[in-house]
*Asks:* 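To start, I am sharing the structure in question, which I have written as structure tokens.
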Amino acid sequence: MRFLDELNEAQKKAATHIDGALLVLAGAGSGKTKTITSRLAYLLSLGIDPANTLTLTFTNKAASEMRQRALNLINVPISHPPLLSTFHKFGLLFLKLYIHLINRDNNFVIIDSDDQKKILKSISSDLPPNFMAKEISKYKNSFLSSDDVYALANEEIYKKMAHIYDKYQNYLLENNLVDFDDLLLLTYKILNENPDLAREISNKYQYIMVDEYQDTNEIQLLLLKKLCLNHNNICVVGDDDQSIYGFRGANHKNILEFEKDFNAKIIKLELNYRSTNQILNAANNLISFNKNRYNKKLISAIGDGKEVEVIESYNESAEAENIAKRVKKLINQGVSPNEIAILYRINALSRSIEDGLRSYGIPYKLVGGMKFYEREEIKDLISYLRLIINLNDDYSFKRVVNKPRRGIGKTTISKLEEAKGDKSFIKFIKEDNLNFLSKKAAKTLKEFALMIETFSKLPLDELPEAIEEAIELSTSYKDEDKKRNVEEFYGMMREKKDLSLREFLNELSLESDQDKIADSLINVMTIHASKGLEFEHIFVIGMEEGFFPLNDADIEEERRLAYVAITRAKKELTLSYVKSRFLRGVRSNVTKSRFLTEAGLIKGERVNLNNSNGLKKGTLVKHKVFGTGRVIGINKAGNKTKLKIDFGGCVREILSDFVERV
């Protein structure tokens, strides 16, 4: 097991822990993935059956990389690879085997969020699809039925949502569809209602690991408890300081309460292999202001580097120019563009930066823009494929029956809907007389239904040629990019020839939505999109109150987000703020973010410790006469804070307004 020699002491303790619950608190850049893959390799090297291990992640890419890295570390033969998957992929695999226990067929199809919104829009046009989708997700994750929602509703809008929820659920059942929430909720429902099966599954997966545990939600925690019904061998890896997905339903308390929930041992990974001392000092200073966190501190394995730079600009245009000049200089010095990233808290700030980069001729990639699978032409093709495997999929039928144009407009569709009753479009067209339509429309629809039925008999890798020969889908788009995108998708279908069409579509629905980053472009993205990435040079713009942190946001989560932004930087970090910013048609004077002060980056300015909240014993402060000292006591009286400070052995009491953080 030579791979253990490459680990530091804390990593090695975590990797060789076998029995009992373990929480690995892995600070940014501390070798989290290396540790968890080494632990999996260690278990397999001891002779533990790979079938008894389960490693859960949040992206397919992470699961694939960890599986390969773990297998590369061991030098003993194994019968089959261990199961590493996302939570949702695990749910999919489980439902394929056990969904019959709730009287459902296992040939279900997964719908994505875009499909979900369109289904909801077809049910009700009175409410925004985004609102309806979010509400239904809340209901499902709270285990509420439509009757429960109606009983709890105090306002008319939520009574209406109860009816929409009921119709939506019936639509899914009738068409044998499941949404993303169902993948976890139905899995939990089956385990909860079948205790013998729950014990069987728990016995099967004797060694469970979870990556990025700080991003788990309530239902994922409940699932993990079911999986640990017969044992307590669960190892989770995460960082409470990087919990930034509260808006998606992630529960920060899960990682804070893991020790209590599972009677766990804690190992901290604090040695950072990514960033310099200067960058980590800023990160440590900033995050220390959060109260709800584990006490840990990142230590650089790299050593000293360049000081963190804070730049002030008059307005957003000047800010964009200042940053574009710096980026241009880095590129001219030989820095690879893909090692440069510009981050911001909200999307609206990207426009001025994009303008600045274009004016200096700097190619860039807007990471997190329109995703490949969300593009119109790709959604059209996916709808064709869904209709091919499910001739009763009326939603997909309506999307593609006139793509490319066949003369089947809204009027024809309305007449069909009125006439078909409970039958699907395809079944009605095949079986019934269409004499209420024009001869041309009737003929076109009959040909369309026959074509789809013919496609359903072909294997996946033969479909691209068949579709192109029949309807010339790629050339029907005038936009060259759309044509190229369709061809790219066809290529993927050919590569996946070992899969059935249904398997292909289900895998597609679970694809990670993180964009690939091109080597020749600098990266422009939100801080959320930067999570898990690292760059030699990081620029963070919009460091102003109201923009970062956002007004009325959870200040601790905002601070964790700033911590994530800072710890993306390997060599150089530049934080930028302006005096005036234009947004939503209004120009306003703004003040620099409190985070700059909390990170200890603004020199010569006092920190108002009365309002700092994060001040505690052990904080280093500086006095203009007595020099640097450490706070050993705090006494608040009214609106004043008196500090007891140890200045190198000489203890003095000083009012907080007369010192600044180091």
Side-chain angles (χ1 to χ4, degrees), residues 25 27-28 240-241 256 266 268 270-272 275-312 543-545 548-549 554-556 558-560 562-563 565-567 573 575 577 591-662:
L25 284 173
D240 56 310
D241 290 335
L256 295 179
I266 297 178
K268 298 177 184 178
E270 297 174 291
L271 188 60
N272 175 285
S275 308
T276 63
N277 279 321
Q278 285 79 357
I279 293 167
L280 295 185
N281 287 342
N284 287 327
N285 289 340
L286 174 69
I287 204 64
S288 70
F289 280 78
N290 273 4
K291 294 179 181 178
N292 299 311
R293 64 184 293 265
Y294 287 100
N295 182 28
K296 60 183 182 302
K297 186 176 181 179
L298 293 177
I299 302 164
S300 176
I302 295 172
D304 286 340
K306 186 179 178 182
E307 292 295 331
V308 176
E309 185 178 8
V310 177
I311 59 175
E312 176 191 87
M543 297 294 297
E544 303 108 30
E545 291 292 310
F548 198 19
D554 177 345
I555 189 60
E556 293 217 344
E558 291 291 293
R559 196 174 281 116
R560 292 194 293 270
Y563 175 85
I566 290 171
T567 54
L573 172 66
L575 306 179
Y577 69 92
T591 58
K592 52 185 169 289
S593 172
R594 73 191 77 177
F595 294 159
L596 296 172
T597 302
E598 291 175 355
L601 297 173
I602 298 180
K603 299 184 182 299
E605 294 193 10
R606 291 177 186 159
V607 180
N608 187 342
L609 297 179
N610 290 310
N611 300 320
S612 67
N613 293 328
L615 183 68
K616 32 186 152 173
K617 290 181 182 179
T619 301
L620 286 176
V621 293
K622 186 177 182 180
H623 187 274
K624 63 181 179 180
V625 173
F626 302 121
T628 300
R630 189 176 297 277
V631 177
I632 60 174
I634 302 174
N635 180 32
K636 292 191 177 183
N639 62 353
K640 291 186 177 180
T641 300
K642 187 180 289 186
L643 306 175
K644 185 177 285 187
I645 306 172
D646 183 352
F647 292 101
C650 178
V651 177
R652 299 180 184 274
E653 288 191 333
I654 304 289
L655 289 172
S656 62
D657 288 343
F658 289 83
V659 297
E660 62 181 9
R661 287 176 66 94
V662 174

*Asks:* Under the criterion side chain to side chain contact (heavy atoms under 4.5 Å, CB included), I'd like the reasoning laid out for V659 against I645: C-alpha separation, chi angles, the key distance, then a yes or no.
*Replies:* CA-CA 10 Å; V659 297; I645 306 172; 4.1 Å; yes
*Asks:* What residues form a side chain to side chain contact (heavy atoms under 4.5 Å, CB included) with R652, not counting sequence neighbours?
*Replies:* F626, F647, C650, I654
*Asks:* Quick one: CG on L601 to NZ on K592, what's the gap to the nearest 0.5 Å?
*Replies:* 12.5 Å
*Asks:* List the atom pairs, with distances to 0.1 Å, where a side-chain N or O of residues 297-305 and a protein N or O form a donor-acceptor pair under 3.5 Å, not counting sequence neighbours.
*Replies:*
residue : atom : partner : partner atom : Å
S300    : OG   : S275    : O            : 2.8
S300    : OG   : I302    : N            : 3.0
S300    : OG   : G303    : N            : 3.1
D304    : OD1  : N277    : ND2          : 2.8

*Asks:* Would I555 and F595 count as a side chain to side chain contact (heavy atoms under 4.5 Å, CB included) here? Give the steps.
*Replies:* CA-CA 10 Å; I555 189 60; F595 294 159; 4.0 Å; yes
*Asks:* For K644, check side chain to side chain contact (heavy atoms under 4.5 Å, CB included) against everything at least two apart and list the hits.
*Replies:* I632, V651, E653
*Asks:* Could you tell me which non-hydrogen atom of D240 sits nearest to which non-hydrogen atom of R560, and how far apart they are?
*Replies:* O-CD, 3.1 Å
*Asks:* Calculate, to the nearest 0.5 Å, the distance between atoms CG and CD belonging to L573 and Q278 respectively.
*Replies:* 11.0 Å
*Asks:* Hey, could you give me the OG/CZ distance between S288 and R559, rounded to the nearest 0.5 Å?
*Replies:* 8.5 Å
*Asks:* Can you tell me how far apart CG (L575) and CD1 (I311) are? Round to the nearest 0.5 Å.
*Replies:* 9.0 Å
*Asks:* Does R630 come within less than 4.0 Å of D646, counting only side-chain N to carboxylate O?
*Replies:* no
*Asks:* Please determine if R594 and E545 form a salt bridge, counting it only when a charged side-chain N lies under 4.0 Å from a carboxylate O.
*Replies:* yes
*Asks:* Measuring only between side-chain heavy atoms, which start at C-beta, is N285 closer than 4.5 Å to E598?
*Replies:* no
*Asks:* List for me each residue that meets ring pair (Phe, Tyr, Trp, His ring centres under 6.0 Å) alongside Y563, sequence neighbours excluded, and say none if there are none.
*Replies:* none
*Asks:* Atom OG1 of T567 and atom CD1 of I279: how far apart are they, to the nearest 0.5 Å?
*Replies:* 9.5 Å
*Asks:* Which residues pass the salt bridge (charged side-chain N to carboxylate O under 4.0 Å, His left out) test with E556, not counting sequence neighbours?
*Replies:* none
*Asks:* So do the side chains of Y294 and I266 get within less than 4.5 Å of each other, counting heavy atoms only?
*Replies:* yes
*Asks:* Does N272 reach the main-chain N or O of A28 with its side chain, forming a donor-acceptor pair under 3.5 Å?
*Replies:* yes
*Asks:* Who are the side chain to side chain contact (heavy atoms under 4.5 Å, CB included) partners of E312, not counting sequence neighbours?
*Replies:* Y577, K579
*Asks:* Going through the distances and angles, do E544 and S593 end up as a side chain to side chain contact (heavy atoms under 4.5 Å, CB included)?
*Replies:* CA-CA 4 Å; E544 303 108 30; S593 172; 5.6 Å; no
*Asks:* Quick check: do I634 and L643 have side-chain heavy atoms less than 4.5 Å from each other?
*Replies:* yes
*Asks:* Between atom CG of L25 and atom NZ of K296, what is the distance when rounded to the nearest 0.5 Å?
*Replies:* 5.5 Å
*Asks:* Are side-chain heavy atoms of T628 and V621 found at a separation under 4.5 Å?
*Replies:* no
